[in-house]
Amino acid sequence: MSCFQRLLPKNIPYRGVIFLGVLTTSAALVVYAYTGFFTRYTADDYCHTRYLMNASNIFSAAAERYFHTSNRYANMLLIGITEFFGERAVIFLPAVTIVLWVLGLTWLFYQVKKTANFSWHFGSYFWFAELIVFFTILQAPSRYQSVYWRAGLTTYFFPLALFTFIAGYILVNIRRAQSKRFSILSGLSFFCMAFLVGGFSETTLALQVGMLSLAILYVWLWTKGEKRKAALYLLIPALVGSLLALLTLFISPANALRTAVFPTPPSLFELIRMSLIFSKDFMWDTLKSLPLPSVVSLVMPLILCYLLYASPRTPNEQSPIHTRRTWLLLLLTILTTYGLIVCVCAPSTYGESAYPPPRARFPARFVMTSGLMVVGAILGILATRIHLPFLRVKPILPAVLLLGLTTLYPLRAAWLAYNLTSQYRERAIVWDLRDEQIREAKESGVMHVEVQALDSMEGIKELDLDPKHWVNRCAADVYGVESISAYP
């Protein structure tokens, strides 16, 4: 019998709140996924498709791009898979990524539950997974660039979803290693997976390196025996694969294009100093400019974990030593969150000597959201150990009611996001008409096409008046015409 069955008669309040939370958060995620159906090609999307059209396969396209355009060697593999299903497959990519991320986080939390022997209900960690995805997308510095633009999604969004599966798989294999079922091929598989996922972007790769490095440090400090050996036997190959990916990105010949545009990289000391400042600014700006979602993302897990741990604990869990360890965990969570955001900011600081652009801050938003939720969960556990003289019983029912009230917050976000879909829908309709116009012109023998320009979406470059502009040239190659001009 679970603690909720002891706390709440017939589990009705708990199950009802969890069900309501899953329902409202799912509604918001459905709206975000639905908006992706109005995604269309723009800017780099044309050039990526051109590489695939001119190459014999996706691997040669990835190699061509790596040597001549961009050091990110994994993006073209994902883009090639989407193109395999047709040019309109791009409209499904945001929804597929959102679903994959929710499933990956849910599976990761399930593996954490099994590894740490938590007695959590499935609905709890599934809701946690949904909330992390929801709050990350809700507070994205540039939602269109990060979620709905294929070039941005494959660079900063999709690798986060993939890494959650790697993390969960690491926990699975750690348990297998402890039960003497570990294979040396597992270490090699993690090396390869980390190398592949690391090729999507420097930003997510830096985050990946930071996570794996901290995981190795924590395992070395706080585990012993076979458990430590099993964990390190998997984490170290993954870190080596990530470092090799970092080296591969660094030595790409295509980096010459960037060095010709951006300033000279700062020194190591200046890089660390600027990254620390940018990370502090990001965290402070989050709390200052987005106070309501920050508070809600903190309060939801706080109340839920308070209810989970409000039942009578064992003497060991009530001891001062156990409480001090919980406070230490809280401090480590805050420091880890800050350190990982520093990792996210470092690549932009090195490459551009500037604060990361909006889409490059999307992984930092994920880290900040996760950090706030973990802090809230730890505070909820600590709240169960506060004994106030005037409280004879713990306020379980008020906590359930407050948690139920916070579950309504995603509905507000869903409504606001749905109101924006008309803007995306109208633009998609105009884009489709322009697409049809270009194709009809080609069929009629017109090779120099003139079309109506569209407004830029969140700073992403659209077709230009100049037919020699790089976006126009890529689009012309995709459509098979000699030139395209877009008049305002």
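The residues of the chain are indexed from 1 along the displayed sequence. Here the structure is a predicted model, which means the values were calculated and not measured.
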Next on the checklist: Apply side-chain contact (heavy atoms from CB on, under 4.5 Å) to residues Y32 and Y148 and explain how you reach the verdict.
Outcome noted: CA-CA 9 Å; Y32 291 147; Y148 302 123; 3.7 Å; yes

Checklist entry - Between R88 and E83, does a salt bridge (charged side-chain N to carboxylate O under 4.0 Å, His left out) hold up when you go through it step by step? => result CA-CA 8 Å; R88 287 304 176 90; E83 291 286 331; over 6 Å; no

Checklist entry - Does the side-chain contact (heavy atoms from CB on, under 4.5 Å) test come out yes or no for W107 and Y169, once each step is laid out? => result CA-CA 9 Å; W107 187 58; Y169 194 41; 4.0 Å; yes

Checklist entry - Hey, mind stepping through L454 and L463 against side-chain contact (heavy atoms from CB on, under 4.5 Å) and telling me if it holds? => result CA-CA 8 Å; L454 297 179; L463 292 178; over 6 Å; no

Next on the checklist: ring-ring contact (aromatic ring centres under 6.0 Å, His included), that's the test. Do F200 and F157 meet it? Break it down for me.
Outcome noted: CA-CA 10 Å; F200 281 94; F157 185 8; over 10 Å; no

Item to check | Audit row: R439, E436, salt bridge (charged side-chain N to carboxylate O under 4.0 Å, His left out) steps and yes/no | outcome: CA-CA 5 Å; R439 296 183 186 279; E436 184 179 355; over 6 Å; no

Item to check | Intermediate values then yes/no, salt bridge (charged side-chain N to carboxylate O under 4.0 Å, His left out), R473 and D477 | outcome: CA-CA 6 Å; R473 288 189 282 108; D477 290 342; over 6 Å; no

Next on the checklist: Run the side-chain contact (heavy atoms from CB on, under 4.5 Å) test on S26 and E130 for me, step by step, so that the C-alpha distance in whole Å, both residues' side-chain angles and the decisive distance to 0.1 Å come before the verdict.
Outcome noted: CA-CA 7 Å; S26 297; E130 284 196 316; 2.6 Å; yes

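Counting all heavy atoms, side chain and backbone alike, A414 lies closest to V31 at O-CG1, 3.8 Å. The nearest pair of heavy atoms linking V344 to A360 is CG1-O, 3.6 Å. Counting all heavy atoms, side chain and backbone alike, A61 lies closest to L52 at CB-CD2, 3.8 Å.
By the neighbour-count criterion of 12 heavy atoms within 6.0 Å, atom CG of D455 is sparsely surrounded, having that number or fewer from other residues, nucleotides or ligands. Within 6.0 Å of atom OH in Y218, more than 12 heavy atoms from other residues, nucleotides or ligands are found, so the atom counts as buried in its surroundings. The environment of W470 atom CH2 is dense: over 12 non-hydrogen atoms of other residues, nucleotides or ligands sit within 6.0 angstrom. Within 6.0 Å of the OH atom in Y424, the count of heavy atoms belonging to other residues, nucleotides or ligands exceeds 12.
The main-chain N or O of R143 is never found under 3.5 Å from a side-chain atom of S146 such that the two would form a donor-acceptor pair. A distance-only check finds no donor-acceptor pair linking the side chain of S275 to the backbone of I272 [under 3.5 Å]. When atom types are taken as modelled, the side chain of T69 and the backbone of Y66 share no donor-acceptor pair closer than 3.5 angstrom. A donor-acceptor pair under 3.5 Å is formed between the side chain of T39 and the backbone N or O of G36. The closest donor-acceptor contact from the side chain of D45 to the backbone of A151 lies under 3.5 Å. Not a single donor-acceptor pair under 3.5 Å links the side chain of S213 to the backbone N or O of G210. S297 places a side-chain N or O within 3.5 Å of a backbone atom of S294 that can act as its donor or acceptor partner. Distance alone, capped at 3.5 Å, is enough to place a donor-acceptor pair between the Q437 side chain and the E450 backbone. Remark: side-chain polar atoms of S252 are not paired, donor with acceptor, to backbone N or O of L249 under 3.5 angstrom.
Side-chain contact check for S201 and T204: at least one donor-acceptor pair (N or O, by modelled atom type) lies under 3.5 Å. Using modelled atom types and a 3.5 Å distance limit, the side chains of T155 and N75 yield a donor-acceptor pair. In the model, E64 has no side-chain atom that pairs as donor or acceptor with a side-chain atom of N54 under 3.5 Å. For the 3.5 Å distance criterion, the side chains of W149 and T42 fail to qualify, holding no donor opposite an acceptor. Between the side chains of S242 and Q208, a donor-acceptor pair is found at a separation under 3.5 Å. Judged by distance alone, the side chains of R361 and S348 never bring a donor and an acceptor atom under 3.5 Å apart. Side chains of T35 and Y418: a donor-acceptor N/O pair is absent below 3.5 angstrom, by distance only. Remark: the T203 side chain and the R359 side chain contain no N/O donor-acceptor pair separated by less than 3.5 Å.
Taking 4.5 Å as the limit, every side-chain heavy atom of I81 sits out of range of all side-chain heavy atoms of L77. For the pair M373 and M300, the minimum side-chain heavy-atom distance is 4.5 Å or more. Inter-residue side-chain proximity for R273 and I277 is flagged as met; some heavy-atom pair is nearer than 4.5 Å. Looking at heavy atoms from C-beta onward, T336 lies out of side-chain contact with T333 at the 4.5 angstrom threshold.
Using cut-offs of 30° and 60° on the angle between ring planes, the pair W101 and F362 is tilted. Ring geometry for Y46 versus Y479: interplanar angle of 30 to 60°, hence tilted.
One distance of note links OH of Y156 with CD of Q145; it measures 9.0 Å at 0.5 Å rounding. Note that CG of D285 is 8.0 Å distant from CZ of F282, once rounded to the nearest 0.5 Å. Atom CD1 of I166 and atom CE of M211 lie 11.0 Å apart (nearest 0.5 Å). Put simply, CG on L160 and CZ on R365 are 13.0 Å apart, with the number rounded to the nearest 0.5 Å. For the atom pair CZ of R65 and OG of S70, the computed distance is 4.0 Å after rounding to the nearest 0.5 Å. In this structure, the separation between CG on L292 and CZ on R412 is 6.0 Å, given to the nearest 0.5 Å.
Taking the ring centroids of F37 and F92, they lie under the 6.0 Å cut-off.
Salt bridge E462/R40: absent, no basic N to carboxylate O contact under 4.0 Å.
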